2 protein chains.
Amino acid sequence: MSTTGELKTTSRMGRQPSTSHAELSHVALELFRVRGFDRTTVDDIVAAAGIGRRTFFRYFPSKNDLPWGDFETLLERMREHLASLPSDLPLVEALCASVIEFNRLPASEIPYHRERMELLLHVPSLLAHSTLRYASWRQVVAEFVADRLQVPEDSLEPQAIAWAFLAVSLSAYEQWLKTEDADLLELLAAAFRTLDSAFRLREHG
Amino acid sequence: MSTTGELKTTSRMGRQPSTSHAELSHVALELFRVRGFDRTTVDDIVAAAGIGRRTFFRYFPSKNDLPWGDFETLLERMREHLASLPSDLPLVEALCASVIEFNRLPASEIPYHRERMELLLHVPSLLAHSTLRYASWRQVVAEFVADRLQVPEDSLEPQAIAWAFLAVSLSAYEQWLKTEDADLLELLAAAFRTLDSAFRLREHG
DNA sequence: TTCCATTCGGCACTCGGTGTCATTAGTATC
DNA sequence: GATACTAATGACACCGAGTGCCGAATGGAA
């Protein structure tokens with residue numbers, strides 16, 4: 001509407017934010033590391049970050065969402081990776097490759113990722129809450145499968161396969177956390193092979 | 001210690017309980033049906049049941065546990081079913097059969113089961129909480145697989161397979177809820193076949 | 001300077017869940 | 001029947017997560 005056609009993102013800015021997702025996340029994760037998730041209250045976090053309690057809940061919808069960094073961006077990357085694969089690559093191969101790609105991280109990030117996943121998989125309230133986040137991950141897989149099989153996204157096949165790949169990924173993660181220095185990508189591949197051979201063994205009854 | 005050797009279960013009883021799991025469950029489910037899960041408070045439930053708030057939490061550890069009837073007994077039945085199967089029945093076949101058996105219900109129970117599952121899978125807080133209950137289900141499967149494969153229960157193979165079977169079951173349940181008059185057992189079987197063929201298609205690259 | 005957009009943060013409130021403890025209601029013993 | 005013991009009850013206060021409301025703070029633009 002303005003004469004210059006300037007974007008809303010640069011004009012008419014109000015008060016500047018006093019913190020950021022990254023900063024809150026950093027402060028909170030440190031507290032979780034030291035005192036544990038359950039024994040760290042939101043009041044502890046906002047005190048450490050020097051903001052008001054009310055402000056915290058404008059940055060994160062819940063305490064449970066803190067350990068989940070920018071998951072949506074990761075999902076978008078995975079969606080693109082799936083779309084970029086040649087269409088003659090078999091479905092399961094494509095999914096295995098993409099899941100592994102999705103979990104590839106620079107070596108420097110691995111210790112932090114380990115700590116985050118340790119929380120997400122071993123703190124009961126986070127484990128439970130994670131289910132809601134995984135739903136969007138499954139949706140990405142289901143969309144791809146539905147497109148490949150030419151069936152609706154919400155039909156049985158895409159949903160079952162999406163669930164199964166999530167399931168296998170989680171079992172690989174659990175193994176990864178169990179032993180220091182384990183290779184996550186290798187474990188993922190092994191988990192896929194397990195499922196593969198389990199079902200193959202079915203034949204010769 | 002008594003001269004008659006009488007069991008503690010019959011002697012020296014104190015005040016009789018003013019309610020029961022079944023009654024609370026019944027009262028609560030009815031309220032959930034009418035007003036929805038989130039808009040029914042624990043105070044509503046205890047008022048309807050005519051008990052004290054504190055008493056409620058002695059019967060159920062949380063509001064989220066209400067829709068889960070006696071899950072442990074069901075698990076025990078599944079464990080026994082798995083153990084009763086001939087050891088030359090292939091692993092995957094045994095699991096498919098047991099999961100299907102686990103979900104077999106008398107026709108009269110089906111409408112109630114539908115309502116319970118509708119809550120468990122479609123109310124976010126219940127969906128999240130369910131993850132914690134599913135863990136014991138997975139444990140039953142993992143124990144069986146570990147025994148069959150002669151590997152530790154917490155190793156990758158049993159865990160991955162347990163996760164995968166849970167995943168496939170859930171996708172079948174979602175389909176079941178989506179359409180009136182669907183056959184749950186048939187959907188479960190179809191979901192297993194989906195996973196089966198997805199992995200089989202992998203071969204011929 | 002004035003106006004406006006936007007964020008901040010205090011306050012009161014709801015709801016789920018827990019620890020404590022006196023009370024109640026049964027049974028067995030004397 | 002009085003008493004002792006047992007077990008469940010429920011009232012109270014408390015905690016922590018999360019929300020609605022609203023005035024105050026802070027910046028750029030007119």
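Letters A, B, ... are given to chains in the order of the sequence lines, protein chains preceding strands, and every chain is numbered from 1. Note that this is a predicted model, so its numbers are computed, not measured.
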query: dT14(C) P sits how many Å from Arg39(B) CZ, rounded?
result: 16 Å

Shortest side-chain distance from Arg53(A), nucleotide among dG16(C), dA17(D), dG10(D): dA17(D)

- line: In whole angstroms, the gap separating C1' of dA17(D) from CZ of Phe60(A) amounts to 16 Å

query: Within a radius of less than 6.0 Å around NE2 of His26(A), do more than 12 heavy atoms belonging to other residues, nucleotides or ligands occur?
result: no

message: Could you tell me how far apart Leu126(B) (CG) and dG16(C) (P) are, to the nearest whole angstrom?
response: 12 Å

query: Base, sugar-phosphate alone, or nothing: which one does Thr55(B) contact when heavy atoms must sit under 4.0 Å apart?
result: base

message: On the nucleotide dT9(D), are OP1 or OP2 found under 4.0 Å from the side-chain N or O atoms that Tyr59(B) carries?
response: yes

- prompt: Looking for any heavy atom pair under 4.0 Å, which part of the strands does Ser125(B) touch: base, sugar-phosphate only, or nothing?
  reply: nothing

- request: Check step by step if side-chain contact (heavy atoms from CB on, under 4.5 Å) holds for Phe57(B) and Val42(B).
  value: CA-CA 9 Å; Phe57(B) 287 107; Val42(B) 174; 4.0 Å; yes

query: For the pair made of CG in Asn64(A) and C1' in dA17(D), what is the distance, rounded to whole Å?
result: 9 Å

- request: Taking only the side-chain heavy atoms of Lys63(A) (C-beta and beyond), determine which of dA17(D), dC22(D), dT9(D) contains the nearest atom.
  value: dA17(D)

query: 5'-most contact on DNA chain C: Phe57(B) or Arg15(B), nearest heavy atom basis?
result: Phe57(B)

- request: Check whether any side-chain nitrogen or oxygen of Ser62(B) sits under 4.0 Å from OP1 or OP2 of dG16(C), and answer yes or no.
  value: no

- line: Nearest-nucleotide check on DNA chain C, Arg58(B) vs Gln16(B); residue mapping nearer the 5' end is Arg58(B)

- prompt: Under 30°, 30 to 60°, or over 60°: which ring-plane class applies to Phe60(B) and His21(B), parallel, tilted or perpendicular?
  reply: perpendicular

message: Closer than 3.5 angstrom, by distance alone: can the side chain of Gln175(A) be matched with the main-chain N or O of Asp154(B) as a donor-acceptor pair?
response: yes

message: With a cut-off of less than 4.0 Å, is there a side-chain N or O of Thr41(A) near OP1 or OP2 of dG16(D)?
response: no

message: If you assign Asp38(A) and Arg54(A) each to the DNA chain D nucleotide with the nearest heavy atom, which residue ends up on the more 5' nucleotide?
response: Asp38(A)

query: Nearest-Å distance, CD1 (Ile51(B)) to C1' (dA11(D))?
result: 14 Å

query: Is Arg116(A) reaching over with its side chain to a backbone N or O of Pro111(A), donor-acceptor style, under 3.5 angstrom?
result: no

statement: note: Asp43(B), atom CG; dC13(C), atom C1'; distance rounded to Å ~ 14 Å

field: Spacing of Phe56(B) atom CZ relative to dG16(C) atom C1', expressed in whole Å
entry: 10 Å

message: Expressed as a whole number of angstroms, how long is the span from Met13(B):CE to dA28(C):C1'?
response: 13 Å

